[in-house]
Number of protein chains: 2
Amino acid sequence: MVAESIRRSLEAGGLRCTPQRYAVMAFLTEHARHPTAAEIFEGVNLVDPRSSRATTYNNLRDLVKAGLVREVAVEGRAARFDAKIMRHHHFICDRCGNVEDMEWYDVPRPASGSLGKRVLRECELIFRGFCTKCAPRRASRLDAARRVDAG
Amino acid sequence: MVAESIRRSLEAGGLRCTPQRYAVMAFLTEHARHPTAAEIFEGVNLVDPRSSRATTYNNLRDLVKAGLVREVAVEGRAARFDAKIMRHHHFICDRCGNVEDMEWYDVPRPASGSLGKRVLRECELIFRGFCTKCAPRRASRLDAARRVDAG
DNA sequence: TATCACATTAGATATAATCTAAATCCTTCA
DNA sequence: TGAAGGATTTAGATTATATCTAATGTGATA
Ligand SMILES: [Mn+2]
Ligand SMILES: [Mn+2]
Ligand SMILES: [Zn+2]
Ligand SMILES: [Zn+2]
């Protein structure tokens, strides 16, 4: 059962399972769309219980620190979050900015000469291009496509 | 000569070579440290001519649009910028957050089945771990290391 | 029940980025 | 030359995002 597994992973991470904290984890587990903190705040408050903005931010910070959630590196202003269920890479659309999950595969590590004294923990891959929704319009210039969307 | 090459690349990108715009490109070319907009603003104003904050942001936006500069995807709040001189990957330090350049090498593309109808433009690699400066302290817990730094 | 650490909250504050509208600078073309 | 008009710059206001503060609430346990 999903509820029980969230409860367990919170406790494994040394965090109490509060309604607000549970709601953030549940939302991220159900929505693999890499929502922003504002979207998560809105999402968890569509249903009860109410959670304040500060609590949403606090819990996201704690969940990241506990390793249950990761912040996805992406340009744009607002941080995006991702429940750490399975290893995967990301595809970021040049046109609409959507961040999509991509199947995991191992990446060749850099030559140890180029790594120097650095200690490598992980290699993350970010693919860029046009997503399925945006690819059909790729014939037209990017600017033209943007203009169409704005209109 | 570097000055001349900056001038030429600006014009090739369809941008006038103004003193403020030139200063941003020159700063980014000299400082491969992926500075934030605020750092660039401060940096270009250490020498003359003065450039306003709005102009620094405007020029960074225009330079990115022209493909001469890229915004580096990194967690943290402020966007970081990088003159597009040579292809390279990035190493981000878990402890101090520094973004360092890493030698370029080709990355195996995802299986076309997992790509679907998406159109792939590039594969970017982000390495994470401890940088040369932070690696020696890695024995102690991350939190402990942070406390030392703060104190 | 009393205690105490952990959590939540509203609202204030800080930080990063963008917008606005006016002024200035360039290029072009009589 | 010297208007005309587009591109650029500017200070300051505004918006967007994130964090802080200090008061309050909650629940496990002695
Ligand atoms: Mn993801
Ligand atoms: Mn770089
Ligand atoms: Zn898209
Ligand atoms: Zn470091």
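Side chains included, hydrogens not; waters and symmetry mates left out as well; all remaining heavy atoms used. Lettering of chains follows the sequences in order, A, B, ..., and the numbering in each one begins at 1. Remember, it's a predicted structure, so these values are computed and weren't measured experimentally.
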Just the rounded figure in Å: distance from C1' of dA16(D) to CZ of Arg80(A). 14 Å

Under 4.0 Å, counting only non-hydrogen atoms across every strand here, what does Thr55(A) touch: a base, just sugar-phosphate, or nothing? base

Calculate, to the nearest 0.5 Å, the distance between atoms CD1 and CD belonging to Ile126(B) and Glu75(B) respectively. 7.5 Å

Have a look at Arg16(B) and say if it touches a base, only the backbone sugar-phosphate, or nothing, with a 4.0 Å heavy-atom cut-off. base

Distance test, side-chain N/O of Arg77(A) to OP1/OP2 of dA17(C), below 4.0 Å: yes

With heavy atoms under 4.0 Å as the rule, sort Ser51(B) into base, sugar-phosphate or nothing. sugar-phosphate

Arg53(B) meets the salt bridge (charged side-chain N to carboxylate O under 4.0 Å, His left out) criterion, sequence neighbours left out, with none

Taking dA18(D), dA7(C), dA16(C) as options, the one with an atom nearest any side-chain atom of Ala78(B) is dA16(C)

Determine: side-chain N/O of Gln20(B) to OP1/OP2 of dT10(D), distance under 4.0 Å, yes or no. yes

Touch class at under 4.0 angstrom, heavy-atom based, for Ala38(A) against every strand present: nothing

Nearest 0.5 angstrom please: Ser9(A) OG to Glu4(A) CD, how far? 10.0 Å

Write down the distance between CG (Leu10(B)) and C1' (dA7(D)), rounded to a whole number of angstrom. 14 Å

Taken to the nearest whole Å, CG/Asn58(B) to P/dT24(C) is 18 Å

Would you mind reading off the distance between Glu75(B) atom CD and dT17(D) atom P, rounded to a whole angstrom? 18 Å

Any side-chain N or O of Tyr57(A) under 4.0 Å from OP1/OP2 of dT19(D)? no

Exactly one of Asn98(B), Val72(B), Val74(B) should register a side chain to side chain contact (heavy atoms under 4.5 Å, CB included) with Ile92(B). Which one does? Val74(B)

What is the distance from CZ of Arg61(B) to P of dA16(C), rounded to the nearest Å? 19 Å

Is any side-chain N or O of Asn59(A) closer than 4.0 Å to OP1 or OP2 of dT8(C)? yes

Look at Thr18(A) and dT8(C) and indicate whether a side-chain polar atom (N or O) is within less than 4.0 Å of OP1 or OP2. yes

Measuring from the side chain of Arg53(B) (C-beta onward, heavy atoms only), which nucleotide among dC25(C), dA18(D), dG12(D) has the closest atom? dG12(D)

Using a strict threshold of under 4.0 Å (side-chain N to carboxylate O), is an ion pair present between Arg118(B) and Glu100(A)? yes

Write down the distance between CG (Leu60(A)) and P (dT17(D)), rounded to a whole number of angstrom. 14 Å

Rounded to whole Å, how long is the line connecting atom NZ of Lys65(B) with atom C1' of dT18(C)? 13 Å

Tell me: CD1 of Ile40(B) to P of dA17(C), nearest whole Å? 10 Å

Can you tell me if the side-chain N/O atoms of Arg21(A) get under 4.0 Å from OP1 or OP2 in dA7(C)? yes

